[in-house]
Amino acid sequence: MTSRFLGVFCPKCGSENKKLFNGFCIECLLKDKKLFSIPEKIGIEVCSRCNRMRVRGKWVAYSDTALLGLAKSGSSFKGLENPLLVLKGVEVNDKFGVLMLKISGRVGGEELEVERIVSLRVFRVTCPSCSRVSGSYFEAILQARFEPKASKKKIGEKMSEIRAFLKKNEENDALSRVVKLQFVNNGFDLSIGSKRAAKKACGFFEKQLRERVIVTSDIYSYDRNKGRPIKRYTFCLRF
Ligand SMILES: [Zn+2]
Ligand SMILES: [Zn+2]
């Protein structure tokens, strides 16, 4: 009896002295694609205004984690136990990019680790929130009013502070933006895309006010789909 085949060999391709997973070598297993499948290409939609990207129907902050989530949602790991997908690197320019991924898991009790590259195609679009803002959509007006003797400088500074606050809040709320700005006697009016953002700003600046915030609302449109009036809110802040 020869001892030639006492060593391990793959019954499919016959290669010897290789690590076997469930009796087969890694090349044969991967050829069969029974272990896992990763998309070769992914198209991503990125908003050219706010830079957020769409992941499973939701617009989220652009990040490596979001990219990985997208790769994961298009993959399957049926043949792997404890599969793990890790992002090793990302390179993206305006239109194209690549994701470098590491896939690991167990097959027939053996640890397996493979690297894959997924190419990205970037589509620059305008997300729904941004298209609403660009159409000067707004849900709230923030009125800032000052004492009669308040200087122009003080008024201007407060305006910058409020705008900076809203700008910072834009990460969480894409409509947290000033779509119109108007100076009036002793103050200014800011038309803000989101009511929630305006409310948040009121909370933040409340400590600096002489009086409580006064909120009023009026109906400016009707939502036919939801069958209810659309209100616009005015928040008056007296500094
Ligand atoms: Zn083989
Ligand atoms: Zn956007």
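Whatever order the structure lists them in is the order used to number ligands and atoms, beginning at 1. All values derive from a computational prediction rather than experimental measurement.
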Ser48 side chain vs Val125 backbone, donor-acceptor pair below 3.5 Å: yes
What is the SG(Cys13)-the Zn ion (ligand 1)-SG(Cys25) angle, to the nearest 10 degrees? 110°
Given SG of Cys10 on one side and SG of Cys28 on the other, what angle do they make at the Zn ion (ligand 1), to 10°? 110°
Metal-centred angle, the Zn ion (ligand 2) as apex - SG of Cys47, SG of Cys130, 10° resolution: 110°
Taking the Zn ion (ligand 2) as the vertex, measure the angle between atom SG in Cys127 and atom SG in Cys50; round to 10°. 110°
When you look at Glu110 and Arg106, which way does the salt bridge (charged side-chain N to carboxylate O under 4.0 Å, His left out) test go after all the steps? CA-CA 5 Å; Glu110 295 282 349; Arg106 292 174 76 86; over 6 Å; no
Less than 4.5 Å apart, any side-chain heavy atom of Val184 and any of Asp189?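 Yes, their side chains come closer than 4.5 Å.
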Below 4.5 Å, heavy atoms only, C-beta onward: do Leu84 and Ile103 meet side chain to side chain? no
